[in-house]
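Data first, discussion second: the structure below is written as structure tokens.
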Protein chains: 2
Amino acid sequence: MEKSCIIKHFEHYSPLTEDDKLLLDSLEKSPREYRKNTSVWTQGEPSNHFYTVSKGWVYSYRNMEDGSRQILDVYVPGDVVGLREFAFNKRITGLTVMSDAVLCAFPKTRLTEVFAESLLLCSIFFMISATDQAILLERLVNLGRRSARQKLAHFLLEISKRLQKTNVIINNHLTLPLTQTLLADALGLSAVHVNRVFKELREENLIEQTNGHVQLLDVEGLREVAGFDAGYLEENIEAMLQQARQMQRKINGAGGADPADLGILETS
Amino acid sequence: MEKSCIIKHFEHYSPLTEDDKLLLDSLEKSPREYRKNTSVWTQGEPSNHFYTVSKGWVYSYRNMEDGSRQILDVYVPGDVVGLREFAFNKRITGLTVMSDAVLCAFPKTRLTEVFAESLLLCSIFFMISATDQAILLERLVNLGRRSARQKLAHFLLEISKRLQKTNVIINNHLTLPLTQTLLADALGLSAVHVNRVFKELREENLIEQTNGHVQLLDVEGLREVAGFDAGYLEENIEAMLQQARQMQRKINGAGGADPADLGILETS
DNA sequence: CGCCGCGTTGAAGAAAATCAAAGCACGTGG
DNA sequence: CCACGTGCTTTGATTTTCTTCAACGCGGCG
């Protein structure tokens, strides 16, 4: 059986027992393809599922009454989307794919069952939620207290860093499917100004642009411009997850041994 | 025995079983007082605890290299603080109290134990994390796509709404312990500009100000100015929590019935 | 071909920052 | 009781940053 995308994603955080894998697998419906610029959900819709991004780029946004909009976050393959509506029965933001993409849907109600059955998965979900928050916080700082050029430089560095986690980046060369209008909506700027800032960065030899592709020529320079510190992307979760695994073993031990859970670290 | 503050907080979301209450209570160390403008934790410190706010106002912030700072969120009595560092072993933001305050500390490592022992509490924690995110999202929109007067009006309405949840507000009159400098750092503005916008709102008879107190004279008018929609503050969690209670009963049912919960759910 | 979305550039204008100075409330110590 | 310092608010004048408006080029595609 081929590994589902959520298993691959979770294994990035911690080795899983066979039980955990089966549990995750049982959640997953068949992956669905979305064509460029189609909507996965819109504001106000009932929120019954969350998703993992398997292929392509996705963004969540909020439309304003005056016609403008704010892009809240951008997701790349490996990311989990929609956990934030756990506490809401309607979508508070929209989600659309900006390139051809593949997503897997999971019914939200089954989360509780997962929590009940696997302490490790529960902890990982909680951790994903916390990491999401960290990214939002940094974006908040970006919007509130940085200049246009800092905003753009910071955004580029963050995306590049996040892509490195689950995807390969060669020589700091990344394909950026974001139009300048999209970027503007993400950074709280006008599209025109984004264009000007891009020009600036090009002229300072910090980046290179060729139709949709961006190459970070001088990462150190960009870091200086942006005041970028990747700390907020570097979770340190071993302690918590180890604790979860340990407790799970205790529980299993009490109710009847579960051999699949011994020697966790060696399971593949 | 007096109810601990976290129990009061959690009961706001869902009735708790005696077991749940005991569990929560076991977490709580003695509340600690903080004097105005003292720090609870700072950036980079190890993050071993999370807190509930029992009295007073608190804010989390991020300091920038150039000396400016961004206030990320403001917390009022009843709020849970620090869950976002679940995935990090160092603080990614600072936290300080802006009025005399009382907070209760909880060791972070015990969260896993709580997750293992009570599905309901686990769900509530997850929900709090999700609601936090919703607030951050709205703040993001505020910073990215609203004018100064919209930002301020929106902030006032949000705080007022959030205070109503666990505290009483009479006649839209709220005591705002935020200085204009603090507000500026929260809204991504300069203190001078915040002052000017306050003046505008006063002159339009939308608010009234008398040393530290703000009265919202015309909530409807403010709502119009801000484009405020409280949807993001109105979690709808009954379905999820009911599911959690039901499953918990099933689990307990195996070992011994728990009468404290009269769930009414017709899930498949 | 002609349309449309996207990127680019220039010029003018608006929003908010910065700089500077003064007033006001409050607590502290003489 | 008053003088003084300190932190917060208020106001004006000036400057910076970014937006808005407008126009044009360019490439893809029906």
Side-chain angles (χ1 to χ4, degrees), chain A residues 35-38 57 59 64 66-71 96 98-100 142-155 175-203 207-214 225-226, chain B residues 35-38 57 59 64 66-71 96 98-100 142-155 175-203 207-214 225-226:
Chain A
R35 242 174 302 164
K36 190 176 175 178
N37 291 329
T38 55
W57 292 55
Y59 65 90
M64 319 276 298
D66 66 353
S68 67
R69 80 177 162 177
Q70 176 66 42
I71 289 183
T96 97
M98 55 189 169
S99 63
D100 291 345
N142 217 16
L143 287 181
R145 282 287 179 234
R146 285 200 252 254
S147 66
R149 66 198 318 261
Q150 287 180 309
K151 286 180 185 180
L152 184 53
H154 193 279
F155 188 87
T175 306
L176 201 67
L178 290 165
T179 67
Q180 295 185 354
T181 308
L182 243 45
L183 265 171
D185 283 340
L187 301 176
L189 298 170
S190 69
V192 175
H193 202 61
V194 167
N195 185 285
R196 287 191 229 278
V197 175
F198 257 131
K199 192 180 168 189
E200 265 183 53
L201 296 182
R202 271 196 317 260
E203 285 170 354
I207 61 167
E208 204 172 67
Q209 272 180 303
T210 42
N211 60 330
H213 296 250
V214 176
V225 168
Chain B
R35 241 173 303 164
K36 190 177 173 177
N37 291 328
T38 55
W57 292 55
Y59 65 90
M64 320 275 297
D66 66 353
S68 67
R69 79 176 163 179
Q70 176 65 43
I71 289 182
T96 97
M98 56 188 169
S99 63
D100 290 347
N142 216 16
L143 287 181
R145 282 288 178 233
R146 285 199 251 254
S147 67
R149 68 198 317 262
Q150 287 179 309
K151 285 180 185 180
L152 185 52
H154 192 279
F155 188 86
T175 305
L176 201 68
L178 290 164
T179 67
Q180 295 185 354
T181 308
L182 244 44
L183 265 170
D185 283 340
L187 301 176
L189 299 170
S190 69
V192 175
H193 202 61
V194 167
N195 184 284
R196 286 191 230 277
V197 175
F198 257 131
K199 192 181 168 188
E200 265 184 52
L201 296 182
R202 270 194 319 258
E203 285 169 354
I207 61 169
E208 204 172 66
Q209 272 180 303
T210 44
N211 60 330
H213 297 250
V214 176
V225 168

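Proteins get letters first, then strands, A, B, ... in listed order; numbering begins at 1 in each.
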[N] phosphate, OP1 or OP2: any side-chain N/O from [X] under 4.0 angstrom?
X	N	result
B:Lys199	D:dT11	yes
B:Gln180	D:dT10	yes
A:Gln209	C:dG7	no

Nearest whole Å is fine: how far is [N] [atom2] from [X] [atom1]?
X	N	atom1	atom2	result
B:Glu203	D:dT10	CD	P	11 Å
A:Leu189	D:dT20	CG	P	11 Å
A:Leu201	C:dG7	CG	C1'	16 Å
A:Arg196	C:dC6	CZ	C1'	16 Å
A:Arg149	D:dT16	CZ	C1'	15 Å
A:Leu183	D:dT19	CG	P	13 Å
B:Lys36	D:dG7	NZ	P	12 Å
B:Leu182	D:dG7	CG	P	14 Å

query: Does the D:dT9 base have a donor-acceptor partner in the side chain of B:Arg202 within less than 3.5 Å?
result: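 Flag unset: no donor-acceptor pair detected.
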
Checklist line | Distance-only donor-acceptor test, B:Arg145 side-chain atoms vs D:dT19 base atoms, 3.5 Å | finding: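 Such a pair does not exist between side chain and base.
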
From the list [options], which nucleotide is the closest neighbour of the side chain of [X]?
X	options	answer
B:Ser147	D:dT9, C:dA16, C:dC6	C:dA16
B:Asn195	D:dT9, D:dC18, C:dG7	D:dT9
A:His193	D:dT9, D:dT19, C:dA17	D:dT19

When the nearest nucleotide of DNA chain C is assigned to B:Val192 and to A:Asn37 on a heavy-atom basis, which residue is associated with the more 5' position?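 Checking each residue's closest nucleotide, the 5'-ward one belongs to A:Asn37.
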
Let me know, please, whether B:Gly188 or A:Phe198 comes out on the 5' side of the other along DNA chain C by nearest nucleotide.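 Here A:Phe198 is the residue nearer the 5' end.
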
| said: Please give me the minimum heavy-atom distance between B:Ala153 and B:Val225, naming the atom from each residue. | reply: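 Residues B:Ala153 and B:Val225, closest heavy atoms: CB-CG1, 4.0 Å.
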
- Where do A:Trp57 and A:Ser99 come nearest, in terms of heavy atoms and distance?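 Minimum heavy-atom contact is N-OG, 3.0 Å.
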
Do [X] and [Y] have side-chain heavy atoms sitting under 4.5 Å apart?
X	Y	result
A:Ile71	B:Arg145	no
B:Glu208	B:Val214	no
B:Leu143	B:Gln70	yes

Q. When all nucleic acid strands are considered with a 4.0 Å heavy-atom cut-off, which category describes A:Ser190: base, sugar-phosphate, or nothing?
A.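 The residue A:Ser190 makes base contact.
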
